[in-house]
2 protein chains.
Amino acid sequence: MRKSNPQPTLSEVARLAGVGVGTASRVVNGGVNVSAGTMRKVKSAIQELGYMPNHAARVLKGGRTKTVGLLVPSIADHFFASCAEAADKIARAHDTLLIVAVTRNQCGDEMSSLEVLMRHRPDGLLIVPSDPENKELARFVRNSGIPVVTFDRPLFGSGCSSVLSDNFEAARKATLHLIEHGYKRILCLVSEPELYTIRERVRGYLQAMEEAGLQPLVDTGPEDMALASRSLAAHLKSRRPPDAVFTLKNSSTSAVVQILRQLRIPIPSRLALLGFDDFELAGTLHPSISVVQQPIEDLGRTAAELLFAELEGHPSKKTRREPIVLANRLVLRRSCGCKEVPARKDL
Amino acid sequence: MRKSNPQPTLSEVARLAGVGVGTASRVVNGGVNVSAGTMRKVKSAIQELGYMPNHAARVLKGGRTKTVGLLVPSIADHFFASCAEAADKIARAHDTLLIVAVTRNQCGDEMSSLEVLMRHRPDGLLIVPSDPENKELARFVRNSGIPVVTFDRPLFGSGCSSVLSDNFEAARKATLHLIEHGYKRILCLVSEPELYTIRERVRGYLQAMEEAGLQPLVDTGPEDMALASRSLAAHLKSRRPPDAVFTLKNSSTSAVVQILRQLRIPIPSRLALLGFDDFELAGTLHPSISVVQQPIEDLGRTAAELLFAELEGHPSKKTRREPIVLANRLVLRRSCGCKEVPARKDL
DNA sequence: CTGTTAGCGCATTCAA
DNA sequence: TTGAATGCGCTAACAG
């Protein structure tokens, strides 16, 4: 009550309760082999002192730290924030703390964040690798001695399980859908082309175009709004302008919506639009925007569940080394040219 | 290289380097009073083993933990995610890890998250209190013995500094703006009315209405879309329907946009709209939505800076016990009835 | 059922 | 400039 700075220790609790530290420890850890009376005394001492176990000491003893690390590109990004929340829910259910660190999709930041995380001796790690080919990270993971699960992106040569979504297939199906609408000149607008998920989506697009015998049209330039605007305007003024756009991430999609609005290009009559990754007002805009919807929470949740399964030593899981692949969902609204909104769930 | 599970320790390094642990320790910590040759030997041993200092052991020795805790209602929420990112940036700049835990705005979860955080013996704490009147939390903070800064909401009786935004004043000004447009029956749509920030906004609204001699019209019901839809429809069908709506958080604002779209109520001609808290496509919707824009990153950043200032013992700060209040910004677009968009910055 | 004790990895004495 | 010894708070093993 009156104490302020130095946090109370177990031995203070024990002293106040008039018992040995071992006994106090047993009470703190669930109270097996402790008599009811002792239990009460110790508990009230804990209350009185406001005792909280010192995590560092537990770590030092070498047991479970009840901590897992989460390494994501960004925490402000809706996608990863939602994954993080889903993972956190699972972690809490296992009475463990999720520590988040960010990579900004840069291998350097990734390694340094990882180091900082490792200081806390997490029981396991959840990682969205910046680069699936990163040998250094793969080696680190292999030698870390703790279970690691990657999600959203794989990590080749790491030997750890991963949970992905079918970017390739979803992009292929989405493109195919545009093709079924009769569009021939489908522009694929790419930013951050170095990212694994984006590359997969480009592959899916290319595959679909090839299947249909259409000329692919990939624009890998427009990183910011201004550039995208200029680039899009140029495409539209070209001799053979595109009749549809497939954007590969939701910020690109909103950017295109804004740009087309400014340019007064009607959607979909002049230019159809289909985006990868849903966003909050996609269904409310005029026209509503058709998108590929990712199983965001599922990714985070499944990855976390897998990690805890491995932590609890389910050996069956050990054998599964192929990634778990979750399906994306094509949500058809108006911007692709569809007239009817099939389900109103997303309203 | 070949070792996998148990992380190498300082004494292994020392042994490999053929020196004592004390010497190795000195090398790790900057290498004062170490000969060049010894230095080299130890460093290469560190390299060889992939040694990383055990954070727990250092903590146990009683030094700084280079860790600060962040306690927010949610991590998936854009507002808090952005605050968290801003705070994280500051934390990293101070070489410390930000550990995030969530409260879901519930005092119970808040205390338990706080306990888990405290096990990690953070050097300081950043808190968005669920309830500013929470005596238990205030007492905890007072006795914690570490610097605490709250942001977005105060914590009365805790004696700690806080960084707020001027919810009251911004809501008042926003309402006044609607009043200047000539609207008389301005509906204030409230959800989560128990939250401090929301209450402040309601106060601002009421104050403005009173100043103007108008009858306030507060609806504190609609927690979800379905309810909101019904409630809004009822208001519009009533004998004296509102001519403007002031929504107090951005999810309400988008909800209203969607509902009015479905109801085919034109904005702003039949019903004007002004929302608290900006959102990504607010400027792109038709009509674009006028909003109060909060200094989101500033809140997180300033709070973190204040915390580190206190950690570094700047005593000048100690004396400032009144909260730092950051200004919100009224961004006028079309939905309130404004014809011109004053600045195109937010496009 | 309970008390005592060793030792986790490290920084920091203190002696050499 | 260096090595050895101490103790941080805790849990697990063991002795009572």
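So that the names make sense, note that chain A is the first sequence line, chain B the second, and so on, each numbered from 1. What you see is a predicted model; the values in this text were computed from it and never measured.
Checking the phosphate oxygens (OP1, OP2) of dT11(D), a side-chain nitrogen or oxygen of N29(A) falls inside 4.0 Å. Close to dG9(C), at under 4.0 Å from its OP1 or OP2, lies no side-chain N or O of S11(B). Checking the phosphate oxygens (OP1, OP2) of dT2(C), a side-chain nitrogen or oxygen of T38(A) falls inside 4.0 Å. Within the 4.0 Å cut-off from OP1 or OP2 of dC10(D), not a single side-chain nitrogen or oxygen of R58(A) is found. Distances shown here put every side-chain N or O of N54(B) at or beyond 4.0 Å from the OP1 or OP2 atom of dC10(C). Side-chain N/O atoms of T23(B) include one lying less than 4.0 angstrom from OP1 or OP2 on dG3(D). Dashed line: the shortest gap from a side-chain N or O of S35(B) to OP1 or OP2 of dT2(D) is under 4.0 Å.
No engagement by V28(A) is indicated, since no non-hydrogen atom pair under 4.0 Å with the nucleic acid exists. Contact annotation for T9(B): backbone-only contact, meaning every heavy-atom pair under 4.0 Å involves sugar-phosphate atoms and none involves a base. Among the atoms of the strands shown, only primed sugar atoms or phosphate atoms (P, OP1, OP2) are found under 4.0 Å from some heavy atom of V34(B). G62(B) comes within 4.0 angstrom of nothing in the nucleic acid, heavy atoms only. Heavy atoms of V19(A) sit under 4.0 angstrom from primed sugar atoms or phosphate atoms, though from no base atom.
Side chain of T65(B) to backbone of R121(B): a donor-acceptor contact under 3.5 angstrom is found. For the pair D123(B) (side chain) and V68(B) (backbone), a donor-acceptor distance under 3.5 Å is absent.
We find that CG of N33(A) is positioned 14 Å from C1' of dC14(D), with the value rounded to whole Å. Atom C1' of nucleotide dC1(C) and atom CE of M39(A) are separated by 13 Å, given to the nearest angstrom. In this entry the distance linking CZ of R119(A) with P of dG9(C) reads 17 Å, nearest Å. To the nearest angstrom, C1' of dG9(D) lies 13 Å from CZ of R15(A). Rounded to an integer number of Å, the gap from I46(A) CD1 to dG9(D) P is 16 Å. If you take CD of Q7(A) and C1' of dG9(D), they are 12 Å apart, rounded to a whole angstrom. Taking atom CZ on R121(A) and atom P on dT11(D), their separation rounds to 18 Å, with Å as the unit. Nucleotide dC10(C) holds its P atom 12 Å from the CE atom of M52(B), rounded to whole Å.
Salt-bridge check for E85(B) with K89(B): failed, with every basic side-chain N at 4.0 Å or more from each acidic carboxylate O.
Of the candidate nucleotides dT2(D), dC10(C), dG9(D), dG9(D) has the atom lying nearest to any side-chain atom of A57(A).
A rotation axis mapping the C1' atoms of four pairs onto the next four is fitted at both ends of the helix from dC1(C)-dG16(D) to dA16(C)-dT1(D) over five pairs, and the angle between these axes is 40° to 10 degrees.
To the nearest 0.5 Å, atom CG of residue L299(B) and atom CZ of residue F79(B) are 5.0 Å apart. Atom CD1 of I324(B) sits about 13.0 Å away from atom OG of S165(B), to the nearest 0.5 Å.
Residue side chain R26(A) reaches the base of dG3(C) through a donor-acceptor N/O pair under 3.5 Å, judged by distance alone.
In E194(A), the CD atom is crowded: over 12 heavy atoms of neighbouring residues, nucleotides or ligands sit closer than 6.0 Å. Residue Q106(A) qualifies as enclosed at atom CD: its count of foreign heavy atoms under 6.0 Å is above 12.
Place L10(A) and G22(B) on DNA chain D by their nearest nucleotides, and G22(B) ends up nearer the 5' end. Comparing V21(B) and S25(A), the nucleotide of DNA chain D nearest to each residue sits closer to the 5' end for V21(B).
Residues R92(B) and S113(A) approach most closely at NH2-OG, 3.0 Å, considering heavy atoms. Nearest heavy atoms, L71(A) versus L114(A): CD2-CD1, 3.7 Å.
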